[in-house]
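Below: the structure, in structure tokens.
Throughout, numbering of the chain's residues begins at 1 and tracks the sequence. Just so we're clear, the structure is a prediction, and the values are computed from it rather than from any experiment. Order of listing sets the numbers, starting from 1, for every ligand and every atom in it.
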Amino acid sequence: MTPPDWAGTLAERGAGALLPTYARYPIEVASGRGCRLVDSAGREYLDLVAGIAVNALGHAHPAIAEAIRSAAGGVLHVSNLYWTEPMVRLAERLASASGMEKAFFCNSGAEAVEAALKLARRARPGRPKLVAFERSFHGRTLGALSVTAQPKYQGPFAPLVPGVEVVPYGDAGAAAAAIDGSTSAVVVEVVQGEGGVRPAPSGFLAALRGACDAAGALLIVDEVQTGVGRTGTFYAYQGEGIVPDIVATAKGLGGGVAIGAILARGDAAAGFGPGDHGSTFGGNLLAAAVANAVLDVVLADGFLESVKRKGERLGAGLRAIVSRCPAAAAARGRGLMWGLVLDGVKAGDLVLRLHDRGVLTVPAGPDVLRLVPPLTISDAEIVDALSRIDAALEM
Ligand code: PLP
């Protein structure tokens with residue numbers, strides 16, 4: 001029998017039981033399959049959030065379910081005192097897919113950014129400066145927050161890690177002026193996600209690479225949101241013709257199971273020695289098995305091409321909405337990561353209107369509606385989503 005204290009909606013019980021760090025929507029998720037989620041009242045939603053760019057293969061994907069089933073009957077975790085095959089195989093496959101050399105595993109995006117910052121300190125001793133960008137987002141832990149140049153996230157948590165110089169995103173000249181002999185690393189997103197779905201202007205990443213090389217600084221690319229196929233290449237930097245020194249990756253890598261990693265190459269890959277960094281759960285057998293299952297799908301012939309093709313379809317549909325709807329000012333994105341820039345409508349309000357039309361989306365700032373659906377979304381689901389967004393904007 002349910003004890004009386006546990007009566008009420010999940011929102012009511014959650015308000016009593018959880019720290020209020022999130023402004024959650026009043027939707028109780030009960031089940032899901034593919035691009036669809038169903039709430040406890042039996043209402044179905046087209047999920048264009050995918051756990052904020054996490055569920056790359058949608059919900060209840062058979063490859064992930066099978067990886068979990070077969071891991072469940074064996075050893076799930078042994079710590080990093082020992083070697084395990086799924087972890088080593090995952091590191092080898094990530095290196096080969098990314099052009100990097102070595103991996104370190106952790107459990108989230110913020111942890112990956114922390115590891116990247118520590119690796120940069122170790123590989124570039126005596127260089128206290130980090131260069132980061134306006135509107136960036138790299139996570140909530142204190143190190144990652146220190147390079148997250150948004151007052152709304154940093155405000156109450158000072159003092160942060162010192163030595164971070166912030167320059168405008170996309171301003172190659174300002175970045176080149178900031179990157180000097182005291183800089184250990186530059187931290188950048190290829191498409192700023194939380195900051196409004198802003199793709200780097202053409203040539204910006206190449207200019208950062210050049211400035212880092214000239215100053216002897218490391219280039220850290222945060223692929224936590226853009227990685228693992230989201231933008232139509234395995235990592236988004238692969239569409240920009242550059243190779244970073246360190247890559248932070250998480251979200252889609254586990255398809256819904258917590259995993260993060262950094263990938264490093266060159267002398268950055270030699271920065272850490274035994275004892276310099278660690279994570280109890282990092283690279284555990286369950287997470288590694290699931291990430292290997294995600295890679296089986298994402299790296300299969302034709303998958304990334306399908307993301308590109310479907311992304312173009314979504315982008316064209318959003319641009320068509322922009323051309324006829326005054327409340328939609330612009331559409332920007334790459335692959336299956338899109339932002340619809342709004343004019344005169346708050347993104348938060350449009351998200352609610354779309355709930356009423358059975359579509360889940362998420363704001364990226366006050367005036368951008370973000371669409372990051374499962375990479376397995378079908379063409380028919382894209383068409384359906386577009387027509388519901390169109391209708392919600394007409395209201
Ligand atoms: N970096 C980027 C680019 C992100 O988008 C996020 C999360 O949205 C993070 C880091 C932090 O990841 P996590 O929430 O897994 O710590």
Which ILVMFWY residues can you reach from Val161 by hopping between side chains whose heavy atoms are under 4.5 Å apart? none

One thing to verify: whether Arg124 and Asp267 come together as a salt bridge, which I'm taking to mean a side-chain N less than 4.0 angstrom from a carboxylate O. yes

ring-ring contact (aromatic ring centres under 6.0 Å, His included) filter on Phe204, not counting sequence neighbours, yields Phe133, Tyr169

As an exercise, identify every atom of ligand 1 less than 4.0 angstrom from a heavy atom of Gln225. 5 (O), 8 (O)

Count the heavy atoms belonging to other residues, nucleotides or ligands that lie under 6.0 Å from CZ of Arg198, then report whether that count exceeds 12. yes

Indicate whether atom 14 (O) of ligand 1 is within a distance of less than 4.0 angstrom of some protein heavy atom. no

Which protein non-hydrogen atom lies closest to atom 16 (O) of ligand 1, naming both residue and atom, and how far is it? Ala110 N, 2.8 Å

Check each atom of ligand 1 against the heavy atoms of Asp222 and keep those under 4.0 Å away; list them by number with element. 1 (N), 2 (C), 3 (C), 10 (C)

Looking at ligand 1, does any of its N/O atoms fall within less than 3.5 Å of an N/O of Gly109? yes

Measure Arg140 to ligand 1 on non-hydrogen atoms and call it side chain, backbone, both or neither using the 4.0 Å cut-off. neither

So with a 6.0 Å cut-off around CZ of Arg36, is the heavy-atom count from everything else above 12? yes

min-distance protein heavy atom vs atom 7 (C) of ligand 1 -> Lys251 CE, 3.3 Å

Just which atoms of ligand 1 are under 4.0 Å from any heavy atom in Val224? 1 (N), 2 (C), 4 (C), 6 (C), 9 (C), 10 (C), 12 (O)

Under a single-linkage definition using a 4.5 Å side-chain heavy-atom cutoff for Ile, Leu, Val, Met, Phe, Trp and Tyr, are Val164 and Leu219 assigned to the same hydrophobic cluster? no

